[in-house]
There are 2 protein chains.
Amino acid sequence: MELQGFERHDHASCIRDGVDAAAEHCRREGLQLTPVRRRVLEILLERHRALGAYDILDTLRDEGLGSQPPVAYRALDFLVKNGFAHRIERLNAFVACNHPGENHSPAFLICRKCDRVAEGQADPASDMLGRSAAAIGFRIERAVVEAEGLCPACQENDRK
Amino acid sequence: MELQGFERHDHASCIRDGVDAAAEHCRREGLQLTPVRRRVLEILLERHRALGAYDILDTLRDEGLGSQPPVAYRALDFLVKNGFAHRIERLNAFVACNHPGENHSPAFLICRKCDRVAEGQADPASDMLGRSAAAIGFRIERAVVEAEGLCPACQENDRK
DNA sequence: CAGCGAACTGTTATGTTATTACACCGGAGC
DNA sequence: GCTCCGGTGTAATAACATAACAGTTCGCTG
């Protein structure tokens, strides 16, 4: 598994790449990456952390792109449904996907101190729960895996 | 892993056992299993499914045990903190624990059709995410593992 | 026994997250 | 042109959760 989220990185390019990947995917699939949807994705990529729907809505409102909750929720639903973003249940928040386009079952490491989120891979079929589910005949369609703890940087700060 | 939740079982005894286990644990630990707390645990065990805080509150209100949200939330906090119940993030709901007393890291199978929940074990340190977290120095303190899908009974009904 | 603090409960008010419902708009296809 | 459809704008409200503070009980300690 390749983990991302706590390392330094070329942020400008990661925003561009994220939007480009989504645009390309929409083009191929005949989906509409409308201004609101594109902007919400950009906001998620820019801030590079888990954002609540109302945080996003505040930004949209400032920019005149919509001021009521459904505007944000609809755009987020679209992004989540198409794999460009994920919902973090633990935080009631959303993050841009780190592997857009790839078909994946995401897992998250959430720092309880700085709220930053790293995304990795969890294969639901191969772990203990997946095997047990198969054994009793439960059909898993989707898995939420969210680990909460301290990221390396916040462990550092704790020691100071 | 021993999975529970979708099989038939002796329900009366599972309520009794759950309350007894909690009472015993509280006795040993010097915790107070007050009437409200005990009743909330019973409600969770009786209904044997994930219940929202307001569902529980409705029942408490009918019984004259408290009518405001904090009453329910405080009892639930107590039960969750002490391992007698778990919060299901995906559903904003709560279930009684199937293995009270045992120190465990729960994982859930949630049926999207009937909303029933089975509880199993997931060892966060041993799976793919745990190993990756260790590799980058992230310290996992708690893990939310919630798989959503169709339970055996609802798969049956689908075919009809 | 009075005074005190800790734990719990009761209640009001409010904050936060999410959805329903319906009007409107613009483009694709007939 | 007309209609269908997907998307957007908006108002209203539902669902989930917490803050803040008053009142009670009970055990401890002086």
Side-chain angles (χ1 to χ4, degrees), chain A residues 22-23 26-27 29-41 43-44 49-82 84-95 110 115 144 146, chain B residues 22-23 25-27 29-41 43-44 49-82 84-95 110 112 115 144 146:
Chain A
C26 288
R27 203 190 48 69
E29 304 282 325
L31 301 167
Q32 303 185 46
L33 190 61
T34 63
V36 178
R37 292 169 177 178
R38 172 187 291 262
R39 186 63 193 122
V40 170
L41 178 57
I43 292 167
L44 288 173
R49 57 192 314 119
L51 295 175
Y54 281 73
D55 292 337
I56 290 166
L57 184 57
D58 287 342
T59 304
L60 291 179
R61 184 154 31 218
D62 290 346
E63 299 174 357
L65 267 175
S67 60
Q68 301 301 321
V71 174
Y73 281 102
R74 286 192 288 233
L76 288 166
D77 284 350
F78 171 86
L79 296 174
V80 168
K81 183 155 58 164
N82 294 292
F84 307 136
H86 300 292
R87 178 180 166 85
I88 309 291
E89 300 291 344
R90 189 70 190 30
L91 302 175
N92 294 328
F94 301 83
V95 279
I110 305 168
D115 263 14
V144 173
E146 298 174 359
Chain B
H25 179 95
C26 288
R27 203 190 49 69
E29 304 282 325
L31 301 167
Q32 303 184 46
L33 190 62
T34 62
V36 178
R37 292 169 178 177
R38 172 187 291 262
R39 187 63 192 120
V40 170
L41 178 56
I43 292 166
L44 288 173
R49 58 193 311 119
L51 295 175
Y54 281 71
D55 292 336
I56 290 165
L57 185 57
D58 287 343
T59 305
L60 291 179
R61 185 154 29 217
D62 290 346
E63 299 174 356
L65 268 173
S67 60
Q68 301 302 321
V71 173
Y73 280 103
R74 285 193 289 234
L76 288 165
D77 283 350
F78 172 87
L79 296 174
V80 169
K81 183 155 59 163
N82 294 290
F84 307 137
H86 301 292
R87 178 180 168 82
I88 309 292
E89 300 291 344
R90 191 71 200 2
L91 302 176
N92 294 329
F94 300 83
V95 279
I110 305 167
R112 67 168 157 78
D115 263 14
V144 173
E146 298 173 0

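Chain identifiers are assigned alphabetically (A, B, ...) following the order of the sequence lines, protein sequences preceding nucleic acid strands; residue numbering begins at 1 within each chain.
DNA chain D lies under 4.0 Å from at least one heavy atom of each of the following residues of residues 69-77 of chain A: A:P70, A:V71, A:R74.
Between A:E146 and A:R90, the closest heavy-atom pair is OE1-N, 2.8 Å. Between B:L60 and B:R39, the shortest heavy-atom contact is CD2-CG, 4.1 Å. When all heavy atoms of B:A93 and B:A50 are compared, the closest pair comes out as CB-CB, 3.9 Å. Among all heavy-atom pairs drawn from B:L41 and B:A22, the shortest one is CD2-CB, 3.5 Å. Minimum heavy-atom separation, A:V40 to A:A75: CG2-CB, 3.7 Å. Nearest approach of B:L44 to B:A85, heavy atoms of both residues: CD1-CB, 3.9 Å.
Contact between the side-chain N/O atoms of A:T34 and the OP1/OP2 oxygens of D:dT8 is found at a separation under 4.0 Å. In this structure, A:R38 does not reach the D:dG7 phosphate: none of its side-chain N or O atoms is under 4.0 Å from OP1 or OP2. One finds a side-chain N or O of B:Q32 lying less than 4.0 angstrom from the OP1 or OP2 phosphate oxygen of C:dC8.
Not a single donor-acceptor contact under 3.5 angstrom links the side-chain atoms of B:Y54 to the base of D:dA14.
Look at CG on B:L60: it is 12 Å from C1' on C:dT9, rounded to the nearest Å. The distance between atom CG of B:N92 and atom P of C:dA18, rounded to the nearest whole Å, is 8 Å. In this structure, the CG atom of B:D55 is 16 Å from the P atom of D:dA14, given to the nearest Å. Distance A:I88 CD1 to C:dA18 C1': 17 Å, rounded to the nearest Å. In this structure, A:L57 atom CG and D:dA11 atom P are separated by 13 Å, rounded to whole Å. Rounded to a whole Å, the CD atom of A:Q68 is 16 Å from the C1' atom of C:dT16. A:F94 has its CZ atom 13 Å from the C1' atom of C:dT16, to the nearest Å. In this structure, CZ of B:R37 is placed 7 Å from C1' of C:dC8, rounded to the nearest angstrom.
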Produce a footprint string for nucleotides 25-30 of chain C: one letter per nucleotide, 5' end first; B if the base is under 4.0 Å from any protein heavy atom, S if only the sugar-phosphate is, - if neither.
------
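Here B:L65 lies in heavy-atom contact (under 4.0 Å) with sugar-phosphate atoms only.
One distance of note links CG of B:L51 with CG of B:N92; it measures 13.0 Å at 0.5 Å rounding.
The main-chain N or O of A:Q32 is found under 3.5 Å from a side-chain atom of A:R37 such that the two form a donor-acceptor pair.
Classification of the A:F78-A:F84 ring pair by plane angle, with boundaries at 30° and 60°, yields tilted.
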